[in-house]
Amino acid sequence: MTLTPLYSTTFILFDLKGISRFLLLVWLIFCFSLTSKAQTYSSVEDVPNPKELGTGYVTDPAGLLPQPEIDSLNYLLTELNRKTGVETAVVLVQDFREDEDAFQFATDLFRHWGIGKYKSDNGLLLFIASNRRQYRFVTGYGLEGLLPDATLKAIGERILVPSFQKEHYGEGVMNTIRTITSYLQQPENQKELNQLLAQYELKSTTNTTALFIFLGFVIAYGLAAWQVSTFKKPLASPSTPNRYLEVAGLVAFALVGFGILLLVIFFFAGTFNGLLLHFSEALPHLMYVLTSFALFFNHLSVLSNLRQRYKDDYNFLEAEQHFYQRVWWQSLIWPLTAVYLVIEKIRYQKSTSRFTPPLDTVGNPMNRLNRDDHSEAARHLSGGQLQEEKMNSQVYDIWEGSDGEVKVLPNPSDTYDRHLNCPACGFRTMSEPINIPIVKAMVQSQGKAKRVRLCRHCKHEEFIEQVVTPMRTKSDSSSSSSSSSASSSSSSSSSSSWGGGNTGGGGAGGSW
């Protein structure tokens with residue numbers, strides 16, 4: 001509640017007399033108490049989830065931001081997600097339960113919502129408590145390296161705090177999101193690559209054959225890259241980030257930069273002889289390494305796009321084999337590209353028995369339901385089986401007979417060995433060991449945590465051991481915590497459309 005309406009109501013109160021003044025006073029106290037209570041959250045479950053409400057990435061029950069600023073902030077967060085893949089939530093409240101600090105409440109909220117993509121854990125939460133004049137960044141596992149605690153601490157102190165001290169909350173939050181977006185988009189490897197090229201040792205021998213080998217690699221790489229691009233274009237999805245394609249782009253950028261460097265050297269050398277004098281031995285080797293990596297990551301980008309397009313394993317393996325039947329000659333020149341060719345060929349041969357039709361009760365071969373063409377086929381799977389597929393521990397083939405008989409057959413998936421069967425529900429949905437804090441580590445005392453496995457389906461918890469967490473230092477007492485991750489309760493539940501990410505408590509915070 002702002003002061004201006006309170007003062008206005010106070011003046012009206014003094015103008016009234018008798019029973020009117022009494023009734024207005026009672027009404028004012030009642031409304032004020034309701035407002036205060038509504039803005040103090042005793043549990044993270046009570047904080048409005050913007051995904052459930054369909055309001056984007058921002059929740060502001062405290063009313064600190066006007067609607068136009070919320071709309072602008074949602075646009076910035078949408079662009080941050082589109083450009084970097086980082087899923088971000090901004091929460092502004094007045095206060096929360098007294099017996100908990102901002103770090104723990106924000107971390108619990110992050111895990112409860114499941115901010116970020118499942119397994120990628122690329123979520124980011126900016127939590128603001130206006131009555132306590134505190135803020136807190138929380139990062140998922142996947143962002144801890146890209147957004148270190150020290151970086152977030154600096155952003156908070158230099159951008160958030162000055163604006164918040166002036167009560168310009170919208171300005172501070174939006175400038176913070178713009179800064180984080182720019183920071184994540186920096187071409188971090190470009191400077192190191194240029195330094196590597198500048199420090200490359202020049203040779204002093206002339207070898208004309210090396211020049212022809214170099215030109216041969218340029219032509220062969222051009223043909224190979226063109227052939228791979230014919231597969232990538234129909235599969236490209238502008239809304240889905242492809243990290244392999246980004247790496248391939250960086251290597252291609254290095255190739256272009258190297259070509260420009262050669263032209264510059266040739267310009268100053270004056271003749272091809274001078275160019276060969278410096279680069280005759282280095283040219284083929286450097287070109288071979290760069291083109292090998294460029295094509296390797298181009299191949300991975302095609303496989304990634306194929307996997308996104310074909311959710312059904314049979315369709316994916318068929319499309320993958322078609323791709324390698326076309327580009328097999330590239331593995332003869334660049335053996336690095338043959339790594340996945342061999343791996344996937346073995347997998348394809350092993351899957352032959354998997355796709356052999358079983359017989360129904362009357363001895364007739366059954367038909368396998370194509371999961372890409374029959375999206376409703378998932379209705380034959382239970383909730384636990386769907387969770388197994390989501391965790392990539394098992395994948396199911398659904399077979400249907402002519403008389404309506406259905407068989408659901410499980411197959412071990414890529415991360416089968418990383419998960420265990422839940423003793424409660426029986427599904428292979430137990431997580432890898434995680435730490436759940438029991439006693440929070442302080443500056444002068446160690447903390448305690450229990451190490452457990454958690455079933456992502458029925459939430460059964462299996463205790464492993466109790467561990468000690470190290471003391472927090474003064475430098476990070478208001479920033480990062482050393483406590484390990486707990487599971488994101490029901491972060492991937494159907495009631496929320498956040499991605500199901502998790503956090504280990506990384507991030508930073510402060511006050512203003």
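This is a predicted model, so every value here is computed, not measured. Computed from heavy atoms alone, side chains included, the values below leave out hydrogens, waters and symmetry copies.
Between the side chain of S431 and the main chain of L454, a donor-acceptor pair closer than 3.5 Å is present. Between the R307 side chain and the Y310 main chain, a donor and an acceptor come within less than 3.5 Å of each other. Of the possible donor and acceptor atoms, none in the side chain of T139 sits under 3.5 Å from a partner among the backbone N and O of P148. Not one N or O on the side chain of T151 forms a donor-acceptor pair closer than 3.5 Å with the backbone of L147. A distance-only check finds no donor-acceptor pair linking the side chain of N122 to the backbone of G116 [under 3.5 Å]. Side-chain N or O atoms of S304 include none that pairs as donor or acceptor with a backbone N or O of L300 at under 3.5 Å. T88 contributes no side-chain N or O that, together with a main-chain N or O of L77, makes up a donor-acceptor pair within less than 3.5 Å. With hydrogens and angles ignored, the 3.5 Å screen pairs a side-chain donor or acceptor of S393 with a backbone N or O of R428.
Annotation for G172 and I159: closest pair O-CG2, 3.8 Å, computed over non-hydrogen atoms. Summarising the geometry of P61 relative to V93, their closest heavy-atom pair is CG-CG1, 4.1 Å, with the distance given to 0.1 Å. Between T59 and P48, the shortest heavy-atom contact is OG1-O, 3.1 Å. What you find for K448 and T469 is that their closest heavy atoms are N-OG1, 3.7 Å. Of all the heavy atoms in R82 and E79, the pair that sits closest is NH2-OE1, 2.7 Å. Contact detail for H419 and M430: the closest heavy-atom pair is ND1-O, 3.1 Å.
Residue Q385 forms a side chain to side chain contact (heavy atoms under 4.5 Å, CB included) with just one option from E389, Q387, E388, and that option is E388. If you run side chain to side chain contact (heavy atoms under 4.5 Å, CB included) between T176 and each of L160, V90, L76, only L160 comes through.
The ring pair (Phe, Tyr, Trp, His ring centres under 6.0 Å) search around Y396 returns none, not counting sequence neighbours. By the ring pair (Phe, Tyr, Trp, His ring centres under 6.0 Å) test, Y75 pairs with no residue at all, sequence neighbours left out.
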R136 vs L109, side-chain contact (heavy atoms from CB on, under 4.5 Å): CA-CA, chis, key distance, verdict:
CA-CA 12 Å; R136 178 73 197 181; L109 181 63; over 6 Å; no
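No close placement of the F127 and Y135 rings is indicated, their centers lying 6.0 Å or farther apart.
Looking at heavy atoms from C-beta onward, R368 lies in side-chain contact with D312 at the 4.5 angstrom threshold. No side-chain heavy atom of V452 sits less than 4.5 Å from a side-chain heavy atom of E462. Side chains of P50 and V58 form no contact here, defined as non-hydrogen atoms less than 4.5 Å apart. In this structure, the side chains of Q394 and F427 stay at 4.5 Å or more apart for every pair of heavy atoms. Residues R178 and T181 are not in side-chain contact: their nearest non-hydrogen atoms beyond the backbone lie 4.5 Å or more apart. Looking at V91 and I128, their side chains never come closer than 4.5 Å, going by heavy atoms from C-beta outward. When side chains are defined from C-beta on, D313 does not count as touching D397, because their heavy atoms never get closer than 4.5 Å. Contact check for R371 versus I398: side-chain heavy atoms found under the 4.5 Å cut-off.
Here the straight-line distance linking atom CD of Q94 with atom CG of N131 works out to 5.0 Å at 0.5 Å rounding. Note that OG1 of T415 and CG of N392 are 4.0 Å apart. Values are rounded to the nearest 0.5 Å. The distance from the CD1 atom of I155 to the OH atom of Y183 is 7.5 Å, given to the nearest 0.5 Å. With values rounded to the nearest 0.5 angstrom, I180 atom CD1 is found 6.0 Å from L152 atom CG. Distance check, rounded to the nearest 0.5 Å: CD of E461 to CD1 of I436 gives 4.5 Å. Here CG of L125 is found 12.0 Å from CZ of R111. Values are rounded to the nearest 0.5 Å.
Of the N and O atoms on the side chains of Y57 and N81, at least one donor lies less than 3.5 Å from an acceptor on the other residue.
Other residues, nucleotides and ligands contribute at most 12 non-hydrogen atoms within 6.0 Å of the CZ atom of R158. For OH of Y314, the number of neighbouring non-hydrogen atoms (other residues, nucleotides, ligands) closer than 6.0 Å is 12 at most. Counting non-hydrogen atoms of other residues, nucleotides and ligands closer than 6.0 Å to CD of E167 gives a total of 12 or fewer.
Ion pair E171/K166 not flagged as a salt bridge, since none of the NZ, NE, NH1 or NH2 atoms sits closer than 4.0 Å to an Asp/Glu carboxylate oxygen.
For the pair R132 and F96, the cation-pi test (distance below 6.0 Å, angle within 45°) is passed. Cation-pi check for R97 over F105 is not met; the charged atom does not lie both under 6.0 angstrom from the ring centroid and within 45 degrees of its normal.
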Side-chain donor-acceptor contacts of residues 64-73 below 3.5 Å, not counting sequence neighbours, with atom names and distances?
{"from": "Q67", "atom 1": "NE2", "to": "D71", "atom 2": "OD1", "distance (Å)": "2.9"}
{"from": "S72", "atom 1": "OG", "to": "P68", "atom 2": "O", "distance (Å)": "3.1"}

